[in-house]
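Keep in mind that the numbers below use all heavy atoms, side chains included, and drop hydrogens, waters and symmetry copies. This structure is a prediction, so every number in the text was calculated from the model and none was measured.
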Amino acid sequence: MTHLLNLFAAIALLVWGTQQVRTGILRVFGANLRTILARSVSNRFAAVVSGIGVTAVVQSSTATALIVSSFVGQGLVNLPSALAVMLGADIGTSLMAVVFSRDLSWLSPLFIFVGVVLFISKQSTTAGRVGRVLIGLGLMLLALKLVTQSTAVLTQAATVKALLGSLSSDLLLELLVGATLAVVSYSSLAIVLLTATLASTAVIPVDVALGLVLGANLGSGLLAVLTTLHANIETRQVPLGNLVFKVLGVFAVSLFPGLWLRVAGPYIGDAATLVVGFHLAFNVGVGIAFIGITQVVARWVEHWLPKPDKTTVAGRQRHLDPTALSTPSLAISCAVREAMHQADVVEAMLLGSIKVMKDSDVHLAKELRKMDDTVDELYSDIKYYLTKISREALGENEAKRWTDIISFTINMEQIGDIIERVIQDIEEKKINKGRQFSEAGLAEICELHARLVDNLRLGMSVFLNGNVRDARRLLEEKTKFRDLERQYAATHIARLSDNTLPSIETSSLHLDLISDLKRINSHICSIAYPILDSAGELAPNRLRLPQETTGR
């Protein structure tokens, strides 16, 4: 029982180490890996090579599938090129299986020691993330050694020997078991390595191991399909096409059972090498056989998963890419893009509000109030997306940007609420009662509104670019706007003293309106505070010290 428990623990350690390597690599090099993929799809053969290289580093064809799927979803890569990348990705993970099948256990203590030192001393830096990768590599090598030791003991038991002797090759069962293990462990690489180790220690026959390897290949394709199940249609097409390649490849191999053992068996005596060699040969064969029909498979997939007709509302490209969450820097960029869209909606509401006031357009007022629901929905989506980014994986600058995005979206959401109330007040106090502002009063509101639109656009630029000079300009506008609001409130009171009828009828609305515009401007100007604070241009306290007050 103890030896069996040790075997399960070693398998769990292997899966855990594989995931540590994959997530660590994506956190350190994720943005660069995506750039390489995006620039290497000029033709199908270049796409295959880029898929091999990136997957060899990431050690997960599923991770590569998610990256490429996001590109297709954003319209950056066409589907046939993405499918060619996936053919290379499967070859890349096969190459890594060959490397890890060698006896590299002597490197395990070195990788773990160096990795722990880097991770503990510089956890939030790039060096710390590299340390996480080294720890994962060390754990993988250690786990493979433990699997070998545990199975060597187990195979000596009489019960296990009898069980092994009763095993017969059943391809369907082997495919099912291999695919299930790959999906559950979230790593076909770990399952292939485990299968090779079990075959080398005679726990399972080699022909059974080959069936499990085929199942693991199917499982990796199915895993990517399941992972993107709730994504948009374009994103789901890539994993489905890759799964088609794997299914066709497995079907072709099943037509010639035992062919690999007859061809390669006499020349490869080691069972583990025979298993990982089969894994590599299978994926290379699939790549060579199907590289010429990526466009055909792409048409099949587009027929099975047709793109929906896009409208200006429902068809807008969403920037909150779930596949980017494993790469924090890219996930932050996605959140920034969605936050800018939220600001665009707020700007549209602000521009429309002055038209409602001037033209008494009730239909436009209704449309603008609906837009506030969109602003609120975007705020909730962005906030939820950011909470799914691992805070531990964020560097200092990324953590600051995370906070800035939250602050910006909160301000946009509150501005949207204020604009909605302003429009509602205009309807109730002006449009429904048939009242008009005085000519001077309308000119003052229009001037404040125009200044407010300029400040909102400046605030969006400050949020996007972080320019200190623009942030300083934005904060200066807060004082100017406050002074104008006071000035126009005073001139409105003066018009009341002159018994100007339009001013008297709209007095409450006028004063509330310029006060609301000032509140909106305050939310906009607050965008500048994080930028100026980081630059050291904000005083710690603007209040006069008590001793300074009493000393005068």
Side-chain angles (χ1 to χ4, degrees), residues 342-361 364-365 367-369 371-372 375 408 410-431 433 435-463 470-498 500-529:
Q342 183 196 28
D344 288 337
V345 178
V346 170
E347 181 183 4
M349 292 181 66
L350 186 59
L351 292 171
S353 63
I354 196 69
K355 295 180 182 179
V356 171
M357 186 179 62
K358 286 181 177 180
D359 304 333
S360 299
D361 191 334
L364 178 59
E367 292 298 320
L368 294 178
R369 288 201 307 273
M371 291 175 70
D372 183 58
V375 174
F408 180 82
I410 289 175
N411 281 313
M412 291 301 108
E413 191 269 340
Q414 292 178 341
I415 290 172
D417 289 343
I418 296 173
I419 295 174
E420 183 186 28
R421 288 197 300 271
V422 165
I423 293 172
Q424 193 169 11
D425 285 346
I426 292 173
E427 281 190 278
E428 294 176 356
K429 299 179 181 180
K430 177 182 180 294
I431 298 176
K433 295 183 178 181
R435 294 172 178 174
Q436 297 293 331
F437 291 105
S438 65
E439 185 175 342
L442 181 60
E444 292 170 354
I445 293 172
C446 288
E447 181 180 351
L448 286 176
H449 182 273
R451 189 178 282 267
L452 196 61
V453 171
D454 290 340
N455 289 348
L456 176 59
R457 290 170 177 168
L458 179 60
M460 292 165 65
S461 175
V462 169
F463 169 72
D470 289 343
R472 195 183 301 115
R473 281 177 49 208
L474 183 61
L475 200 57
E476 291 170 354
E477 284 295 324
K478 185 174 184 178
T479 302
K480 295 178 182 178
F481 203 96
R482 184 183 62 224
D483 292 342
L484 274 177
E485 185 263 341
R486 290 176 178 174
Q487 176 186 335
Y488 290 158
T491 56
H492 174 75
I493 298 300
R495 287 194 294 273
L496 292 179
S497 301
D498 295 336
T500 304
L501 182 60
S503 297
I504 294 174
E505 290 180 337
T506 60
S507 178
S508 174
L509 176 60
H510 186 102
L511 293 175
D512 287 344
L513 188 55
I514 60 176
S515 176
D516 286 334
L517 294 180
K518 186 185 76 169
R519 289 178 58 204
I520 293 174
N521 190 67
S522 296
H523 284 295
I524 295 172
C525 293
S526 65
I527 298 170
Y529 285 118

Partners meeting side-chain hydrogen bond (donor to acceptor under 3.5 Å, both in side chains) with [X] (sequence neighbours left out):
{"X": "R486", "value": "none"}
{"X": "E420", "value": "none"}
{"X": "K518", "value": "none"}

Checking side chain to side chain donor-acceptor pair (under 3.5 Å) against S360, which of K430, E427, R435, K355 comes through?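 Going through the options one by one, the only one that passes is K430.
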
So do the side chains of [X] and [Y] get within less than 4.5 Å of each other, counting heavy atoms only?
{"X": "I419", "Y": "V346", "value": "yes"}
{"X": "M412", "Y": "I527", "value": "yes"}
{"X": "V422", "Y": "M357", "value": "no"}
{"X": "M460", "Y": "D344", "value": "yes"}

Which donor-acceptor pairs under 3.5 Å do the side chains of residues 507-514 make with protein atoms, sequence neighbours left out?
| from | atom 1 | to | atom 2 | distance (Å) |
| --- | --- | --- | --- | --- |
| S507 | OG | H492 | NE2 | 3.0 |
| D512 | OD2 | K429 | NZ | 3.3 |

D516 meets the salt bridge (charged side-chain N to carboxylate O under 4.0 Å, His left out) criterion, sequence neighbours left out, with R519

Please name the pair of heavy atoms, one in [X] and one in [Y], separated by the smallest distance, quoted to 0.1 Å.
{"X": "G459", "Y": "I524", "answer": "CA-CG2, 4.4 Å"}
{"X": "I423", "Y": "R369", "answer": "CG2-CG, 4.3 Å"}
{"X": "A528", "Y": "A471", "answer": "CB-O, 3.3 Å"}

Please tabulate, for side-chain N and O atoms in residues 445-454, each donor-acceptor pair with protein atoms closer than 3.5 Å (sequence neighbours left out).
| from | atom 1 | to | atom 2 | distance (Å) |
| --- | --- | --- | --- | --- |
| E447 | OE1 | Y488 | OH | 2.5 |
| E447 | OE2 | Y488 | OH | 3.3 |
| H449 | NE2 | L350 | O | 2.6 |
| R451 | NH1 | E477 | OE1 | 3.1 |

Does the distance from a Lys or Arg side-chain N to an Asp or Glu carboxylate O, for R473 and D470, drop under 4.0 Å? yes

